[in-house]
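Notes to accompany the following structure.
Order of listing sets the numbers, starting from 1, for every ligand and every atom in it.
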Amino acid sequence: MPGYEQHEQPRTCIADPTFLVDKETVRDATQRQLNRLAHYDSLTNLPNRTQFYETLRNNLALTTGGTTRLAVLLIDLDQFKNVNSALGHAIGDELLLHFSARLLSCITPHDAIGRLGGDEFALMLTMHGSAPDACTVAEKIRDVLRAPFDLQGHEVVVTASVGIAFAPEDATNAETLLRYADIAMYRAKQAGRDTWCCFTAQMNVDALARHDLEMALRRAVDNDEFVVYYQPKVRLSDGMVCGLEALLRWERPGHGLITPSAFIPAMEECGLIVRVGNWVIDTVCRQIGEWMRSPLGKVEVSVNVAQRQFVESDVAAHVELAVARNGIPAELLELELTEGSLMTNTERTLASLQRLKQQGVKISIDDFGTGYSSLAYLRRFPIDKLKIDIAFIRDVAATPDAAAIALAIIRLAQSLKLEVIAEGVETSAQLAFLRRHGCGQMQGYYFSAPLPLVQIEALLRESCSLSPPPAKKTDRSGLRLC
Ligand code: C2E
Ligand code: MG
Ligand code: MG
């Protein structure tokens with residue numbers, strides 16, 4: 001019987017003492033291997049999350065007497081994703097390996113280290129008499145990262161953000177302590193990265209508020225609580241409306257209408273901006289289509305696009321689909337990017353912008369002059385328009401510096417044959433300055449605040465216009481929109 005053969009074989013083997021030894025050795029080795037896998041990270045050989053927590057819990061138990069203090073440092077490499085995407089995961093892994101070796105050089109045998117996952121590492125420092133304090137260790141970590149890493153011929157410089165929490169002052173259990181260190185680390189990232197930050201109770205309050213906001217935003221997406229407002233742009237040569245900017249608003253139940261500054265940063269952080277940003281593109285393209293088929297005709301609309309949309313989604317493909325679905329000319333759509341978006345993930349963004357440009361979509365640089373101000377990208381990227389930031393326009397009629405900057409941007413745009421628009425125009429003095437210096441368009445409360453759909457349609461129908469400059473006589477007929 002075949003089954004007999006199968007059972008018979010092990011019985012003979014068990015009778016063989018040498019096999020028994022071998023088998024036990026193999027079993028022990030396998031057990032050891034499994035233990036290792038369960039408690040140690042296979043890339044760096046450092047204790048993993050489970051093992052680190054266990055060590056931390058054991059040490060926290062010793063602090064109950066009140067004589068020993070512990071510090072937990074949570075360390076996260078800054079922009080590690082960029083290394084992975086630019087140089088590949090194998091080099092990313094090598095960086096983590098070298099980084100863990102440098103981290104080890106920062107601690108003493110009394111301390112513990114662990115890799116919690118990805119590019120996140122943790123240290124547990126025992127704070128006693130002569131031990132260096134946690135902040136000194138955090139500084140040391142910054143120091144050991146100064147020298148570049150040589151990764152298969154690629155020289156890579158990285159920085160890290162470090163969050164620190166103390167036991168027993170901040171918390172006495174491992175989970176809370178690490179959560180607090182994580183909150184502090186997040187604060188260090190917010191402070192511009194390459195720095196460390198100690199946990200404070202206020203940070204916890206802020207983190208809880210941020211969590212609540214994120215949950216409310218997720219519900220807002222599911223419940224369709226977002227709406228698009230539109231602000232007119234005015235051509236200065238004839239005072240006519242020549243386009244609109246779409247601006248997101250959140251109709252938060254119980255809170256009224258919320259403007260973007262209160263929720264866009266949170267959406268950018270948690271990634272929701274990608275979904276909502278795509279929704280704005282869809283809504284605007286649908287609206288352009290509806291207007292086109294109505295007596296209003298062709299209306300140019302610009303949409304703000306966040307950096308994460310370029311990194312995490314295919315903006316060009318999304319726009320292509322939305323434009324086709326609504327049967328609109330791509331020329332009626334403009335995307336506004338900030339200088340920061342152009343400077344991160346440059347190759348991917350450049351490829352997306354080139355595809356958008358081929359479709360006929362216009363590209364403008366929002367808040368121009370406030371970002372990295374690297375003028376090199378003006379040649380590299382297919383840009384149509386510069387939007388002078390509100391900060392320069394605000395002071396343009398009052399301070400010579402702001403006026404000089406605004407003027408320089410207008411001249412720069414003119415010599416590069418780009419369109420130029422000033423945002424945040426509130427006074428006739430600002431308007432006069434812009435007209436005097438040949439700025440093409442303006443946008444601001446002086447003419448109109450952003451308006452909900454019904455009101456913007458009324459404004460477009462009424463063909464409202466700024467009074468044109470006295471010297472020029474304008475034939476208004478047919479000039480209502482571009
Ligand atoms: P932005 O794109 O630079 O938009 C201009 C902001 O200036 C708008 O603020 C607008 O309401 C405001 N503004 C316009 N004229 C004046 C004025 O005369 N005086 C003053 N003080 N402010 C004026 P808003 O609507 O609060 O939007 C703020 C920012 O939020 C936008 O700045 C943009 O960066 C972002 N944002 C808005 N909608 C979206 C969106 O759909 N997606 C993304 N990613 N970001 C958006
Ligand atoms: Mg904008
Ligand atoms: Mg702006």
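Taking any N or O of Gln443, backbone or side chain, none lies under 3.5 Å from an N or O belonging to ligand 1. The distance criterion of under 3.5 Å between nitrogen or oxygen atoms is met by Asn304 with respect to ligand 1. Checked by distance only, ligand 1 and Leu248 come closer than 3.5 Å through their nitrogen or oxygen atoms. Checked against a 3.5 angstrom limit, the closest N/O atoms of Gln309 and ligand 1 fall outside it. Residue Tyr445 has at least one N or O atom closer than 3.5 Å to an N or O atom of ligand 1. Note: no N/O pair closer than 3.5 Å links Glu268 and ligand 1 by distance alone.
A distance of 7.5 Å separates CH2 of Trp250 from NE2 of His255, quoted to the nearest 0.5 Å. If you take CD1 on Ile365 and CG on Leu342, they are separated by 4.5 Å, rounding to the nearest 0.5 Å.
Contact annotation for Lys387 and ligand 1: no heavy atom of the residue comes within less than 4.0 Å of the ligand. Contacts between Asp389 and ligand 1 below 4.0 angstrom, taking non-hydrogen atoms only, are absent altogether. The part of Ile390 lying near ligand 1 is the side chain, judged by heavy-atom distances below 4.0 Å. Contacts between Asp366 and ligand 1 below 4.0 angstrom, taking non-hydrogen atoms only, involve the side chain exclusively. With a 4.0 Å cut-off on non-hydrogen atoms, Asp367 touches ligand 1 through its side chain and not its backbone. By the criterion of a heavy-atom distance under 4.0 Å, neither the backbone nor the side chain of Arg394 is placed next to ligand 1. The side chain of Pro450, and not its backbone, has at least one atom closer than 4.0 Å to an atom of ligand 1 (non-hydrogen atoms only; side chain from C-beta on).
Distances shorter than 2.8 Å separate the Mg ion (ligand 3) from the protein N/O/S atoms Asp366 OD1, Asp367 OD1, Glu423 OE1, Glu423 OE2.
With respect to the Mg ion (ligand 2), Glu245 has OE2 as its nearest N, O or S atom.
In this view, Asp206 and Arg187, Gln202 satisfy the side chain to side chain donor-acceptor pair (under 3.5 Å) rule, not counting sequence neighbours. Judged as a side chain to side chain donor-acceptor pair (under 3.5 Å), and not counting sequence neighbours, the contacts of Lys385 are Glu334, Gln441. Scored by the side chain to side chain contact (heavy atoms under 4.5 Å, CB included) test, Pro452 finds Tyr229, Gln455 as partners (sequence neighbours excluded).
Thr370 and Asp367 are not linked by any side-chain donor-acceptor pair at a separation below 3.5 angstrom, with hydrogens and angles left out of the test. Side chains of Glu336 and Ser302: a donor-acceptor N/O pair is present below 3.5 angstrom, by distance only. When only modelled atom types and interatomic distance are considered, His318 and Asp282 share a side-chain donor-acceptor pair under 3.5 Å.
Every atom of ligand 1 with a heavy atom of Glu426 under 4.0 Å away is listed here by number and element: 17 (C), 18 (O), 19 (N), 20 (C), 21 (N). Numbered from 1 in the order shown, with element, the atoms of ligand 1 that lie under 4.0 Å from a heavy atom of Ile264 read 36 (N), 39 (C), 43 (C), 45 (N), 46 (C). Under a 4.0 Å criterion applied to the non-hydrogen atoms of Val280, ligand 1 contributes the atoms 41 (O).
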